Novice: 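One structure, as structure tokens, below. Some questions next.
It should be emphasised that the depicted structure is a prediction, and the values quoted were computed from it without experimental measurement.
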Amino acid sequence: MVKVIKYLLLGDPDKEALSLQETALKYFYGGDIVLATTSSEVLAQLKSRVKPELLFVDFSFITQNDNELYKYLEEDKSHFPVITCSAKTRTDDISIRFADGFGHP
């Protein structure tokens, strides 16, 4: 039997903010917390591990590297929860479509 390790994946370019998120979450969460400071790191984690219980990511990661993370999330069929955050207001097509759940109910 394969043991599935539960984990949260946190992505933020601000290392200080990432550390604060990790510190706050480790008191309430019983699994591993994996940190990433670039969209490429987030994508590599998603491709190399079982899917996280939750992806909490800075919205800027969704649009970096020619929208590679966005495209991966849109095409992925494992349906895990994704929470995005940003200090900036966005009204572009990707942010609207992402907020709409890629058209999924």
Side-chain angles (χ1 to χ4, degrees):
M1 180 180 195
V2 176
K3 181 179 179 184
V4 177
I5 298 174
K6 299 187 322 180
Y7 75 103
L8 301 179
L9 179 54
L10 307 180
D12 198 304
D14 183 334
K15 290 180 181 178
E16 190 172 306
L18 200 57
S19 177
L20 179 62
Q21 293 167 19
E22 178 187 31
T23 299
L25 286 169
K26 73 180 177 182
Y27 290 105
F28 302 102
Y29 181 68
D32 291 338
I33 299 175
V34 177
L35 307 177
T37 57
T38 67
S39 62
S40 298
E41 288 176 14
V42 170
L43 192 56
Q45 287 292 330
L46 291 173
K47 290 181 176 181
S48 68
R49 300 176 66 139
V50 296
K51 299 302 184 247
E53 290 193 292
L54 174 72
L55 170 60
F56 187 86
V57 66
D58 188 282
F59 192 82
S60 68
F61 284 11
I62 301 297
T63 58
Q64 289 176 357
N65 301 328
D66 196 29
N67 304 324
E68 189 175 2
L69 179 57
Y70 173 82
K71 291 172 187 174
Y72 178 83
L73 292 171
E74 185 176 39
E75 294 170 2
D76 184 65
K77 302 300 180 207
S78 58
H79 301 288
F80 56 92
V82 177
I83 296 174
T84 61
C85 60
S86 180
K88 298 177 183 175
T89 301
R90 298 185 60 101
T91 58
D92 58 30
D93 289 341
I94 289 178
S95 61
I96 293 168
R97 189 145 183 244
F98 191 84
D100 190 34
F102 306 114
H104 299 293

Novice: So how far is it from Leu73 CG to Leu43 CG, rounded to the nearest 0.5 Å?
Specialist: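 Result: 8.0 Å between the selected atoms.
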Novice: Side chains of Leu69 and Leu46: does their closest heavy-atom pair fall under 4.5 Å?
Specialist: yes
Novice: Any link between Tyr72 and Leu55 through a network of hydrophobic side chains (Ile, Leu, Val, Met, Phe, Trp, Tyr) touching at under 4.5 Å?
Specialist: yes
Novice: If I compare all heavy atoms of Gly11 with all of Phe61, which pair ends up nearest, and what's the gap?
Specialist: C-CE2, 3.5 Å
Novice: Roughly how far, to the nearest 0.5 Å, is CG of Asp32 from CZ of Arg49?
Specialist: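 Taking CZ in Arg49 and CG in Asp32, the distance rounds to 6.5 Å.
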Novice: If hydrophobic clusters are built from ILVMFWY residues whose side chains come within less than 4.5 Å, do Leu9 and Leu20 share one?
Specialist: no
Novice: To the closest 0.5 Å, what do you measure between CG (Leu18) and CZ (Phe56)?
Specialist: 10.0 Å
Novice: Can you measure from CG (Asp12) to OG (Ser19) and round to the nearest 0.5 angstrom?
Specialist: 11.0 Å
Novice: Going from CG on Leu10 to CD1 on Ile83, what distance comes out if it is rounded to the nearest 0.5 angstrom?
Specialist: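 The CD1 atom of Ile83 is 10.0 Å from CG of Leu10, to the nearest 0.5 Å.
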Novice: To the closest 0.5 Å, what do you measure between CD (Glu53) and OH (Tyr29)?
Specialist: 3.5 Å
Novice: Would you say the side-chain atoms of Glu41 pair up with the backbone N or O of Thr37, donor to acceptor, closer than 3.5 Å?
Specialist: yes
